[in-house]
Amino acid sequence: MTPTSLPIRRLLLCAAACTLTTATAFAQGVLVPQAPPAPPQDTLTRAAASVGVKRCLPAITRLSSLTVQGSRSHDVLLDWDRKRPDSGPVFSLIGIEFPNAGVAGSITAIPDDGGSCTVAAERISVAPFTCASIAQQELPNYRATKLLPVYTVYTDDKEPTSSVSLIDSPPGCLVIRRYVEYGWRDPAAAAAAPQAAPAPAAPAAQQAPKRR
């Protein structure tokens with residue numbers, strides 16, 4: 001699909017007692033650490049687990065946690081195969097509220113043969129700038145492919161399964177960031193899996209006895 005917000009420290013003024021022989025009081029500034037705000041609950045992971053999704057749940061959790069990071073609140077629309085919840089595809093649409101904007105996200109997970117998953121994630125937002133200015137400032141090294149007069153797709157050869165689509169929507173720009181990965185496997189599960197013992201070395205080929 002993660003670093004959390006750093007703790008915020010605030011300065012408190014508190015009174016301190018004076019010595020036994022004097023009645024003078026003084027104020028002292030003390031730095032008191034404040035607990036970081038609790039991250040929003042991952043609603044998609046909870047919803048997918050509740051309907052029986054297991055195989056692709058780590059992929060869904062990874063992508064969903066990244067999608068809602070820093071948000072104020074979010075909720076999800078979930079579609080899944082009722083007859084095969086763990087072996088069928090999972091489709092979701094996430095509405096996300098940030099302090100200064102609303103964003104939509106889409107996460108899809110499809111189980112593959114052999115225990116892997118094909119996953120796709122999209123983040124859809126509206127920027128109050130022209131698409132040309134966004135491309136110039138954020139995507140200067142990306143390859144541009146104009147599909148329509150108002151629709152351009154930007155890709156980077158270093159990330160061939162990711163793309164950024166910009167659609168002119170005056171006075172702003174519709175931004176769609178897309179990520180696809182085939183054959184995704186949970187790194188934690190792979191690390192925890194016992195490694196197979198090395199195969200014994202094949203015996204050396206016997207040589208025919210020499211004639212004397």
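These numbers come from the heavy atoms of this one structure, side chains and all, not from hydrogens, waters or symmetry mates.
- In this model, no donor atom of one side chain and acceptor atom of the other lie less than 3.5 Å apart for S65 and D42.
- With contacts defined as side-chain heavy-atom distances shorter than 4.5 Å, the pair T67/I96 qualifies.
- In the hydrophobic cluster analysis, where Ile, Leu, Val, Met, Phe, Trp and Tyr join through side-chain heavy atoms closer than 4.5 angstrom, L57 is grouped apart from W80.
- No donor-acceptor pair closer than 3.5 Å links the side chain of R84 to the backbone N or O of R82.
- Here side chain to side chain donor-acceptor pair (under 3.5 Å) pairs that include residues 125-136, with residues two or more places apart or in two chains, are T130-S133.
- With rounding to the nearest 0.5 angstrom, the CG atom of L166 is 13.0 Å from the CZ atom of F129.
- The salt bridge (charged side-chain N to carboxylate O under 4.0 Å, His left out) contacts involving residues 99-127 comprise E122-R178, where partners must be two or more places apart or lie in separate chains.
- Residue pairs that meet the disulfide bond (SG atoms under 2.5 Å apart) test with at least one member in residues 62-126, sequence neighbours left out, are C56-C117.
- Of the N and O atoms on the side chains of E97 and S73, at least one donor lies less than 3.5 Å from an acceptor on the other residue.
- With sequence neighbours excluded, no residue satisfies side-chain hydrogen bond (donor to acceptor under 3.5 Å, both in side chains) with T155.
- Between the D86 side chain and the K54 main chain, a donor and an acceptor come within less than 3.5 Å of each other.
- Checked for salt-bridge contact, D156 and R143 miss the test: no charged N lies under 4.0 Å from a carboxylate O.
- Residues I124 and L147 are members of one and the same hydrophobic cluster, defined by side-chain heavy-atom contacts under 4.5 angstrom among Ile, Leu, Val, Met, Phe, Trp and Tyr.
- In the displayed structure, F98 atom CZ is contacted under 6.0 Å by more than 12 heavy atoms of other residues, nucleotides or ligands.
- Remark: the backbone N or O of V180 is paired with a side-chain donor or acceptor of T161 at under 3.5 angstrom.
- Atom-to-atom distance recorded for I94:CD1 and I107:CD1 is 4.0 Å, nearest 0.5 angstrom.
- The salt bridge (Lys or Arg N to Asp or Glu O under 4.0 Å) search around D168 returns none, not counting sequence neighbours.
- Residue-environment remark: NZ (K146) exceeds the threshold of 12 foreign heavy atoms within 6.0 Å.
- Side-chain contact check for D79 versus V90: every heavy-atom pair is 4.5 Å or farther apart.
- Partners of E138 by salt bridge (Lys or Arg N to Asp or Glu O under 4.0 Å), not counting sequence neighbours, listed by chain and number: R177.
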